[in-house]
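Okay, so here's the structure we're looking at.
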Amino acid sequence: PSVGEAFVPRPEDLGIGLLFWHMRDAAVVGEAGSGRIALWNPAAEELFGYPAAEAVGQPLEMLVPEVLRDRHRDGIARFAATGRGPLVEADHPVEVPALRKGGEEIAVELVLTPIVQDRVPGRFVLALIRDATERRRLERERTAVLAAAQEHAARLEDLARLKTDFSAMVAHELATPVAAIRALARLLADGLVPLAEQARLLGVVAAEADLVAGLVADVREAATVERTDFDVRPRPIPVAALVADAAAFAESLPGDHPLAVEVEGAAVVQADPERIAQVLRNLLGNAAKYTPPGTPVVLRAACVGDRVRIEVADRGPGIRSEERDRIFEKFGRGRDTEGNTVQGSGLGLYISRRLIRAHGTELDLTSTPGEGCVFGFSLATAS
């Protein structure tokens with residue numbers, strides 16, 4: 001549109017001179033009386049997409065989203081009448097939405113400075129505008145990095161606590177069988193035990209020694225799976241054989257848990273039988289340990305496409321959602337029906353998950369509070 005000379009001042013008339021054109025921020029001069037753009041520097045062209053020839057003389061509100069235009073007009077009128085306004089009086093950059101050519105809305109930081117010169121009639125305002133997109137991106141990145149650092153620090157703290165708990169647990173778990181072995185050995189050495197009782201006491205000594213050996217094996221196994229050279233040796237193995245071995249082991253578990261075995265088909269899978277047997281022993285042992293005596297346990301296997309799904313299900317109290325990740329962590333232990341931490345190394349599920357992952361699959365858990373848990377994994381069938 002055609003504009004009068006009085007409406008388009010020169011930058012030097014407003015006291016901003018050549019600095020106006022070389023500002024790195026978008027610089028826009030508006031005239032309050034008409035609400036139109038009077039000056040438009042190259043940085044404004046780049047930010048908003050309008051060349052100066054298209055911007056100068058146009059209403060300032062073309063840079064304002066529709067929803068804010070009434071407030072913009074009120075602000076212009078107030079500034080024209082009083083030389084004051086909420087944005088003009090702000091002592092820091094204000095973030096506001098703005099419109100680029102084509103209607104794209106962007107976030108900008110805005111600083112308004114009133115300009116009053118005797119040589120140029122009317123009230124003018126200099127708007128220095130900076131794209132806030134990059135700042136927002138950096139803030140998001142900083143927030144994400146801070147959150148990751150806090151999470152890492154929390155996990156380190158949890159790991160330190162778990163290690164401390166593990167050390168105390170190992171000392172506790174070893175103390176009882178070692179004390180029993182020492183006491184029984186003294187009795188036997190002193191010759192105070194009748195011959196008829198010696199065999200029974202030797203059996204007790206052997207059982208206590210097995211407890212120590214089991215704990216040592218768990219600790220050693222945990223160290224083994226951390227090594228980069230840890231691997232498995234898969235070979236074709238009938239699923240029925242894996243299940244049969246696990247069922248035989250379940251007969252030795254405490255708690256008188258009835259075991260139901262369900263095997264569909266006669267599939268052969270590609271797996272390391274010793275390692276899978278270890279996983280199933282851990283899962284069955286946990287089912288016996290964490291559920292009330294007499295509750296049933298189910299060991300089942302079924303074909304799902306070209307894989308075989310193997311599960312151990314119980315009817316215990318289930319696992320609370322806040323504990324589902326922790327029980328798979330090194331040294332993490334669950335709780336019994338009364339909410340007390342169950343004795344043990346806290347390595348069984350950690351080792352089991354590592355072993356299953358070494359088979360190229362995942363050990364997963366589904367649990368409904370009050371109804372029990374299902375731990376399961378799938379194995380590829382042998383070709």
Side-chain angles (χ1 to χ4, degrees), residues 207 209-255 257-291 296-314 327-330 344-366 373-383:
D210 287 342
L211 290 176
V212 175
L215 181 58
V216 171
D218 277 349
V219 175
R220 181 182 294 115
E221 190 66 37
T224 298
V225 298
E226 290 293 344
R227 295 205 306 263
T228 56
D229 61 349
F230 171 75
D231 60 0
V232 295
R233 295 178 174 82
R235 62 180 186 271
I237 184 77
V239 173
L242 293 173
V243 172
D245 289 344
F249 166 78
E251 293 179 359
S252 66
L253 293 173
H257 295 277
L259 178 68
V261 177
E262 304 171 0
V263 180
E264 296 180 8
V268 175
V269 293
Q270 193 74 14
D272 185 325
E274 288 77 20
R275 294 304 194 182
I276 296 301
Q278 184 178 359
V279 171
L280 291 176
R281 287 197 299 270
N282 282 335
L283 298 181
L284 290 167
N286 279 351
K289 186 187 303 182
Y290 290 99
T291 58
V297 175
V298 178
L299 172 61
R300 56 187 176 231
C303 292
V304 181
D306 60 351
R307 303 183 70 84
V308 174
R309 172 82 178 173
I310 301 176
E311 296 180 338
V312 173
D314 65 57
I327 63 171
F328 288 104
E329 294 178 352
K330 199 173 186 179
S345 64
L347 295 173
L349 287 176
Y350 169 77
I351 292 170
S352 296
R353 173 168 276 187
R354 291 294 300 270
L355 291 173
I356 293 301
R357 284 178 174 174
H359 280 79
T361 184
E362 187 65 52
L363 176 61
D364 55 59
L365 162 67
T366 57
C373 298
V374 178
F375 288 89
F377 56 91
S378 65
L379 297 171
T381 54
S383 56

Of all heavy-atom pairs between [X] and [Y], which one has the smallest distance, and what is that distance?
X    : Y    : value
R353 : L363 : NH2-O, 3.1 Å
P234 : V232 : CD-O, 3.2 Å
T381 : D306 : OG1-O, 3.0 Å
A301 : V308 : CB-CG1, 4.3 Å
L299 : A247 : CD2-N, 4.2 Å

Side-chain heavy atoms of [X] within contact of [Y], under 4.5 Å:
X    : Y    : result
I310 : V279 : no
L242 : V269 : yes
H257 : P296 : no
N286 : V312 : no
L349 : N282 : no

Legend entry - Any donor-acceptor N/O pair, T361 side chain to I356 backbone, under 3.5 Å: no

Inset, instruction - Determine yes or no for a side-chain-to-main-chain donor-acceptor pair under 3.5 angstrom, with H359 supplying the side chain and D272 the backbone. - result: yes

Inset, instruction - Give a yes or no on whether a salt bridge exists between D314 and K289, defined as a side-chain N under 4.0 angstrom from a carboxylate O. - result: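 No, D314 and K289 are not salt-bridged.
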
Legend entry - salt_bridge(E264, R309) N-O dist < 4.0 Å: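 No salt bridge links E264 with R309.
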
Inset, instruction - Examine the side chains of Q278 and R281 and answer whether a donor and an acceptor come within less than 3.5 Å of each other. - result: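 Looking only at side-chain atoms, R281 and Q278 do not form any donor-acceptor pair under 3.5 Å.
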
Inset, instruction - Nearest 0.5 Å please: distance from the CD atom of Q270 over to the CZ atom of R235. - result: 10.0 Å

Legend entry - Reported CG-to-CD distance for the pair L365 and E311, which is rounded to 0.5 angstrom: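 The CG atom of L365 sits 11.0 Å away from the CD atom of E311.
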
